[in-house]
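Everything below concerns the one structure shown next.
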Amino acid sequence: MSGFVGSQVSNDERLANLEQVLFRPMGADGVRARTGLYERVLDGLTDFISTFRPEAAEVYRFPPVMSRSDIEKSGYLQSFPNLVGFMCCLAGSPAEIRRTANRIYEGEPWTEGLGVADLVLTPASCYPVYPIAAAKGAAPDQGWIFDVGCECFRREPSRDIDRMQSFRQREYVCIGSPETVCRFRDDWIVKAQSMAEQLQLPYSVDVANDPFFGAGGQFLAAGQREQKLKFELLIPILSHDKPTACMSFNYHKSHFGEAWDIHLARGGPAHTGCVGFGMDRMTIAMFAHHGLDLSAWPQPVLTLLGL
Ligand code: 5GP
Ligand code: ZN
């Protein structure tokens, strides 16, 4: 498999066609209404991923918001403060709220009437699971597996079709001994490639790093790469030269175990790892490679997705 479907037109046109058929603009970069056609494929991919769910997995679907103190405790604000969407609402007495609301309609400055709420927009679908795991008590060596998902927000406005501020993630998360978590992650790197093959998508797997913020960020990113803590499965969407990370395979070592005081029954902090599926990116990749007309997709792919 090589070319994109639609590669007889210019690359800009090909991307514009994808955008036009799959989405409607919503007045902000990286925030899109998704069409029914797109959602059918996303639902098919969701069910396909569920067929890989380990039997013992606990399933949670999280809302698009989570507790601000939980995200503070997780350390996210140290690594990615620039990406977080903090929730704020009109604050004060009923009279003050009314005054601020009136200012909005009178064209007056009004945002000082906002107060920071106790919520943030969930930045990754595994963050809400660690406090749930912590409440379970000591983790067995063989670990716990969670199947989680939610709409995620990251403040990265962009017009690129593969970068959204609001996008859906699905993850399998493993919490247990270092050996269990490393095996989980290594197995998933293999399984994910077989998934991409079954979906008839071209892919590559590479070591990666998270976009850590600020001057110290490059240092953290280099350390993450050197220790091979993050891998990504990349699929060409924008171009073959700059393939897009559609799945990631992460080993957090004891970071969340220590942040949330999750211990192993045998002693020591639990280790954690996750495999993340970018549901929106995977869906766009399917249309980029198989075309916008479902009836022309390879039959085995349609069957796999229940389409
Ligand atoms: P990670 O936590 O590794 O950054 O993200 C996990 C997965 O979520 C990525 O592999 C990717 O598929 C998806 N993802 C991350 N950022 C974006 C984004 O800006 N837009 C979209 N559509 N998906 C994203
Ligand atoms: Zn995760």
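Nothing fancy with the numbering, it's 1 onward along the sequence. Counting starts at 1 for both ligands and their atoms, in listed order.
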>> Please give the atom name: the N, O or S atom of Glu171 nearest to the Zn ion (ligand 2).
In response: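 Within Glu171, restricted to N, O or S, the Zn ion (ligand 2) is closest to atom OE1.
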
> Are Asn250 and Ser248 close enough that a side-chain donor and a side-chain acceptor fall under 3.5 Å?
Replying inline: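 Yes.
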
Using distance alone, determine whether [X] and ligand 1 share an N or O pair under 3.5 Å.
| X | value |
| --- | --- |
| Glu232 | no |
| Gln169 | yes |
| Ala245 | yes |
| Asp210 | no |
| Met164 | yes |

Atom indices of ligand 1, in the order listed, that fall short of 4.0 Å to a heavy atom of [X]:
| X | result |
| --- | --- |
| Gly278 | 8 (O), 11 (C), 12 (O), 13 (C) |
| Met247 | 10 (O) |
| Arg154 | 1 (P), 2 (O), 4 (O), 5 (O), 15 (C), 16 (N) |
| Arg163 | 19 (O), 20 (N) |

> Is the closest heavy-atom distance from Lys230 to ligand 1 below 4.0 Å?
Replying inline: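 Yes; Lys230 lies near enough to ligand 1 that a heavy-atom distance drops under 4.0 Å.
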
Name the orientation class of the two ring planes belonging to [X] and [Y] (parallel below 30°, tilted from 30 to 60°, perpendicular beyond 60°).
| X | Y | result |
| --- | --- | --- |
| Tyr38 | Phe287 | parallel |
| Tyr76 | Phe80 | tilted |
| His252 | Tyr130 | perpendicular |

> Between Ile284 and ligand 1, which residue portion shows a heavy-atom distance shorter than 4.0 Å: side chain, backbone, both, or neither?
Replying inline: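 Neither part.
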
> Is there a side-chain hydrogen bond (donor to acceptor under 3.5 Å, both in side chains) between Gln198 and Ser194 once you walk through the steps?
Replying inline: CA-CA 6 Å; Gln198 291 178 65; Ser194 134; 3.2 Å; yes

> Is there an N/O/S atom in His252 that lies less than 2.8 Å from the Zn ion (ligand 2)?
Replying inline: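 No, His252 does not qualify, because none of its backbone or side-chain N, O or S atoms lies under 2.8 Å.
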
> Is there a donor-acceptor contact under 3.5 Å from the side chain of Arg154 to the main chain of Arg163?
Replying inline: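 It does not hold such a pair.
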
> Would a distance-only check, ignoring hydrogens and angles, find a side-chain to backbone donor-acceptor pair under 3.5 Å from Trp144 to Gly176?
Replying inline: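 A pair under 3.5 Å: no.
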
> Should Phe277 and Trp188 be marked as a ring-ring contact (aromatic ring centres under 6.0 Å, His included) after you check the CA-CA gap, both sets of side-chain angles, and the distance that decides it?
Replying inline: CA-CA 11 Å; Phe277 303 95; Trp188 263 106; 5.6 Å; yes

